[in-house]
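Structure first, then comments.
Note that ligands are numbered from 1 as they come in the structure, with each ligand's atoms numbered from 1 the same way. Quick note: numbers below take in every heavy atom, side chains included, and nothing from hydrogens, waters or symmetry partners. We're numbering straight along the sequence, starting at 1.
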Amino acid sequence: MTRDLPDIPPASAFFFDFDGTLAEIASRPDLVSVEQEVRDVLQALALKYDGAVAIVTGRPLEAVDGFMAPIRLATAAEHGSIRRDSMGVVHFDEGNAEAVAAAHATLGPFVAAHPGLLLERKRSSIALHYRQRPELAKSCEEEVQEVVAKNPGLVILPGKMVFELKPKGVDKGEAVRSFLSEAPFKDRTPIFVGDDVTDEHAFEVVNSLGGLSVKIDDGNTLAHFRADRKGLIAWLFQLVARDQK
Ligand SMILES: [Mg+2]
């Protein structure tokens with residue numbers, strides 16, 4: 001059962017997954033929205049913790065910025081292959097662009113033949129969404145396995161009603177490490193909050209560094225704590241409201 005979210009060191013750094021964590025999952029990825037209280041609490045957290053607040057997501061950078069507007073946080077997008085640091089500098093890891101393009105070319109006709117499936121082309125990864133055709137999970141899986149067999153530079157990341165294909169060696173754990181190597185995240189205790197399989201890499205890294213890992217909702221996890229979104233937001237407001245460091 002849930003352990004209460006704990007108190008944290010004054011010098012903490014926060015990392016949040018986006019879908020299912022900061023935003024409720026919607027029937028289509030473009031339909032999510034972020035509650036105003038989430039923006040408010042993130043802004044207050046960033047103020048209180050010297051800007052050490054980042055989003056770590058599989059989404060493209062522009063998509064997250066669009067949902068979060070008007071606030072703009074440090075963000076690792078596409079699982080970390082694109083990363084905007086706290087100074088606003090964007091770091092690219094083009095990874096395996098050709099393999100991603102080949103995967104897109106193969107999956108395009110499959111998606112076109114199955115209405116309701118959605119292929120999301122990102123800069124250095126690709127996502128096959130089947131939320132509206134859950135009965136096609138197995139076919140989708142076989143299709144992405146075939147793509148990876150032909151493009152060994154890619155790996156499959158299964159998520160909630162989605163299979164993502166991304167270059168090997170890119171994951172949310174590495175994204176967290178990159179942030180932690182630079183100001184204002186450096187030398188702080190990392191806290192990672194996420195809800196999906198792809199967040200496990202980050203939980204592992206944060207646990208190994210003596211940080212705090214929080215899993216939203218159910219599912220097997222390496223995270224040490226669990227919460228639901230409501231509990232998470234309430235906890236963040238408490239952290240913001242408590243006495244200054
Ligand atoms: Mg998520």
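Tyr49 does not carry Arg188 over the face of its six-membered ring by the limits of under 6.0 Å from the centre and within 45° of the normal.
Ring geometry for Phe16 against Phe14 counts as parallel: the plane angle stays under 30°, on a 0 to 90° scale with 60° as the upper cut. Between Phe18 and Phe67, the two ring planes are parallel [angle under 30°; tilted spans 30° to 60°].
Around the Mg ion (ligand 1), the protein atoms of type N, O or S found under 2.8 Å away are Asp17 OD2, Asp19 O, Asp195 OD1, listed by chain and number.
Partner of Val144 under the side-chain contact (heavy atoms from CB on, under 4.5 Å) criterion, out of Leu157, Leu154, Leu128, Thr106: Leu128 alone. The side-chain contact (heavy atoms from CB on, under 4.5 Å) test with Arg131 singles out one residue from Val162, Ile25, Leu118, and that residue is Ile25.
Applying the salt bridge (charged side-chain N to carboxylate O under 4.0 Å, His left out) test to every pair with at least one member in residues 67-81, sequence neighbours left out, gives these pairs: Asp65-Arg72.
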